[in-house]
2 protein chains.
Amino acid sequence: MQFQQLAYFLAVAETRHFTRAAELSRVAQPSLSKQIRALEEDLGAPLFRRARGNITLTPAGEALLPLAQRILTDLETARREVQELAGMRRGRVRLGATPSLCAGLLADALAGFHGRFPGIELQVEESGSRDLIRALGKGELDLALIILPLQSSDPAFVTTPILRENLVVVSAAGAPSPAVDGASMRITELRDRPLVMFRRGYDVREATLHACRAAGFEPHLAVEGGEMDAVLRFVEAGLGIAVVPSMVLKNRPGLQGVPLARPRLLRTIALAHRKDVDPSHTAKAFRRHLMTYLTHLTRDELGEDLEVIAPLTA
Amino acid sequence: MQFQQLAYFLAVAETRHFTRAAELSRVAQPSLSKQIRALEEDLGAPLFRRARGNITLTPAGEALLPLAQRILTDLETARREVQELAGMRRGRVRLGATPSLCAGLLADALAGFHGRFPGIELQVEESGSRDLIRALGKGELDLALIILPLQSSDPAFVTTPILRENLVVVSAAGAPSPAVDGASMRITELRDRPLVMFRRGYDVREATLHACRAAGFEPHLAVEGGEMDAVLRFVEAGLGIAVVPSMVLKNRPGLQGVPLARPRLLRTIALAHRKDVDPSHTAKAFRRHLMTYLTHLTRDELGEDLEVIAPLTA
DNA sequence: GCATGCCCATAGCCTACGGCTATGGTCACC
DNA sequence: GGTGACCATAGCCGTAGGCTATGGGCATGC
């Protein structure tokens with residue numbers, strides 16, 4: 001017997017309807033049917049009489065109903081009490097992250113954390129790595145997701161690399177691919193192409209400009225100064241191409257990305273916190289949650305251009 | 001969170017010892033460790049302080065303890081109440097089965113059923129198919145596992161084929177294989193070999209003798225009249241070879257079996273009950289349990305010579 | 001002081017279970 | 001008799017939970 005089966009049982013008992021119970025439980029109807037049947041098998045007795053449009057409880061079902069309710073209530077109570085004692089009932093995590101991360105991976109991770117610890121307030125600050133580090137140093141943030149390497153090699157921070165990401169060249173979906181061979185591009189192919197460029201402060205901006213200069217040319221900027229979303233919209237509108245982190249292309253049908261040929265432009269994303277103060281319980285919990293979330297992502301969800309770095313010991 | 005995790009938690013809390021808790025819970029120690037860890041992750045708080053030889057509960061663990069106990073108690077109560085109402089709390093299943101089935105598959109199936117419905121008394125009668133059918137007809141049995149075809153083609157019984165089994169030629173493990181090619185034997189190779197034969201009444205006896213006569217010879221019987229166990233021991237002792245159902249060779253290192261070449265000697269095992277009286281709740285439950293037990297056996301557990309026949313609708 | 005043993009954690013593998021989509025079958029109602 | 005509602009069945013897939021083998025830390029003993 002399992003908690004879920006009891007929950008499904010309650011849902012059917014309340015709605016007197018398998019299909020609606022399945023909707024209520026956020027699962028497909030056959031999944032719920034199967035679990036109810038498994039529960040009945042397990043107990044050795046049918047719990048419902050299945051009549052057309054009129055599902056009713058059998059005596060066995062009637063007997064189970066109050067106990068199932070009580071068990072699930074106790075379960076909730078247990079959750080709450082333990083979290084209360086562990087200081088996870090109320091609290092706050094102040095998290096800093098770069099715009100690309102906020103748009104990409106963070107949403108799901110935050111949603112999962114909120115589901116497990118609904119009492120914890122989540123404050124997200126979206127900014128460039130330098131600003132985030134500054135805020136971290138002033139104690140305005142508990143954790144920050146930043147881009148390595150840090151310009152200020154301040155030893156006051158502990159950084160744990162967690163992701164390695166490929167930068168890609170993005171262009172409007174309708175336009176011909178900017179890649180000569182259609183599959184990948186060299187940095188030098190950016191020469192004389194109109195580039196859409198982020199405002200100062202974005203790590204990607206510095207990385208791109210630096211790579212161009214290292215290749216021996218100064219890029220031609222069509223537009224300059226936008227935030228993440230603006231840059232992508234400018235590219236969609238055909239103003240030029242841009243170099244962006246691969247993950248922001250998720251759910252952007254108006255854009256196509258081409259990876260850079262080796263040597264690629266990689267950026268390493270790290271989790272940072274102050275060395276001198278121990279993170280709060282809530283911050284540690286979020287850190288753990290984020291790490292398990294990342295390591296449990298499938299290769300499919302990650303895509304080609306993203307790689308999780310196994311935490312050394314976390 | 002899962003019931004098992006709570007049970008493991010209680011075991012550790014009681015024993016203050018992971019290894020002993022694992023023994024108590026009948027699982028490997030790493031499995032228990034992993035589940036405890038998962039529970040801690042789920043709740044967002046450690047439940048135990050792991051000190052050498054001195055495991056103690058954290059405050060969170062202390063808070064969880066009474067609730068976990070209550071939940072598991074409620075779980076047991078729910079089981080009992082539902083089974084009480086479904087008439088599965090007390091009761092009896094009178095089951096007939098042939099000796100080979102009792103020795104082979106039945107033990108595990110019975111154990112599983114008893115685990116789920118501890119209040120149900122299990123009465124097993126071990127006998128030949130003819131006797132079992134007779135007992136079924138007199139109402140002395142609820143269900144019988146018999147060999148098809150029935151000699152008495154009495155329409156008073158419903159039979160459901162559930163297993164098809166190969167008969168094999170068995171010999172002492174040390175002796176040279178009786179098979180000429182070492183892999184399989186023809187019926188005719190039994191001619192002039194000393195056979196150890198069951199007493200009258202065993203279906204296998206009739207099947208073997210019939211097959212020999214159909215092949216045009218009368219077999220030479222070294223010993224005759226034994227029950228299943230005696231026959232196998234005689235073979236082990238080197239008195240001769242015997243034709244037996246494949247499943248009795250399980251856990252018999254002193255014996256080796258060789259399948260018969262095509263046309264093989266197959267026997268079909270069926271579940272029988274009276275047509276005129278509806279089986280009791282308990283009998284139906286056992287029937288269901290047996291069927292799911294069989295269909296969930298792995299190919300590995302079944303072996304080469306045994307095949308489950310999918311029940312038509314059961 | 002190193003060897004040994006106890007005991008919990010980690011790693012890696014395998015099966016089974018819970019999820020999904022697609023489809024079937026049955027009843028009610030037009 | 002056609003149609004729609006609704007639950008069951010079938011078949012596929014990924015992950016969770018089981019196992020064995022091994023690591024690694026802390027005691028204890030010779």
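Order of the sequence lines sets the chain letters (A, B, ...), proteins ahead of strands, with each chain counted from 1. For clarity, every value in this text was computed on a predicted model and none was experimentally measured.
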Novice: Could you tell me how far apart B:Y8 (OH) and C:dC8 (C1') are, to the nearest whole angstrom?
Specialist: 17 Å

Novice: D:dC26 P sits how many Å from B:F18 CZ, rounded?
Specialist: 16 Å

Novice: With a cut-off of less than 4.0 Å, is there a side-chain N or O of A:Q4 near OP1 or OP2 of C:dG19?
Specialist: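 Answer is yes, contact under 4.0 Å.
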
Novice: Report yes if a side-chain nitrogen or oxygen of B:T19 is closer than 4.0 Å to either non-bridging phosphate oxygen (OP1 or OP2) of C:dC6; otherwise report no.
Specialist: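 For C:dC6, OP1/OP2 do not have a side-chain N/O of B:T19 under 4.0 Å.
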
Novice: Which residue is it: A:I71, A:T73, A:L72? I am looking for the one with a side-chain contact (heavy atoms from CB on, under 4.5 Å) to A:L75.
Specialist: A:L72

Novice: Tell me, which of residues 27-37 of chain B have any heavy atom that sits under 4.0 Å from an atom in DNA chain C?
Specialist: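 B:Q29, B:P30, B:S33, B:R37, in order of number.
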
Novice: Whole Å only: how far is the CG atom of B:N54 from the C1' atom of D:dA27?
Specialist: 14 Å

Novice: Students often get this wrong, so: under 4.0 angstrom with heavy atoms, is A:F48 touching a base, only sugar-phosphate, or nothing?
Specialist: nothing

Novice: What is the distance, to the nearest angstrom, from the CZ atom on A:R49 to the C1' atom on D:dC6?
Specialist: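 Distance check: A:R49 CZ to D:dC6 C1' gives 19 Å.
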
Novice: Does the pair A:R79/B:D42 count as a salt bridge with the N-to-O cut at 4.0 Å?
Specialist: yes

Novice: We want to know whether B:E165 and B:S246 form a side-chain donor-acceptor pair, criterion being a heavy-atom distance below 3.5 angstrom.
Specialist: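 The answer is yes; a qualifying pair exists.
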
Novice: Please report, rounded to the nearest Å, how far the C1' atom of D:dG17 is from the CZ atom of B:R26.
Specialist: 19 Å

Novice: A:M1 CE to C:dC17 C1': how many Å, rounded?
Specialist: 17 Å

Novice: Hey, is B:E40 close enough to B:R50 for a salt bridge, meaning N to O under 4.0 Å?
Specialist: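 Counted as a salt bridge, because a side-chain N and a carboxylate O are separated by less than 4.0 Å.
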
Novice: Taking the six-membered ring for Trp, are A:F3 and B:F3 parallel (under 30°), tilted (30 to 60°) or perpendicular (over 60°)?
Specialist: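 Plane angle under 30°, so parallel.
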
Novice: Step through it carefully: locate the ring centre of B:F113, locate the ring centre of B:Y293, and say whether they are under 6.0 Å apart.
Specialist: no

Novice: Rounded to the nearest angstrom, tell me the gap between atom CZ in B:F3 and atom C1' in D:dA16.
Specialist: 17 Å

Novice: Round to the nearest Å and state the distance from A:R50 atom CZ to C:dA28 atom P.
Specialist: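 So the CZ-P distance, A:R50 to C:dA28, works out to 17 Å.
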
Novice: Mind checking if B:Q2 touches a base, just sugar-phosphate, or nothing, with heavy atoms under 4.0 Å?
Specialist: sugar-phosphate

Novice: Regarding A:Q29 and A:S33, do their side chains bring together a donor and an acceptor under 3.5 Å, going by distance alone?
Specialist: yes

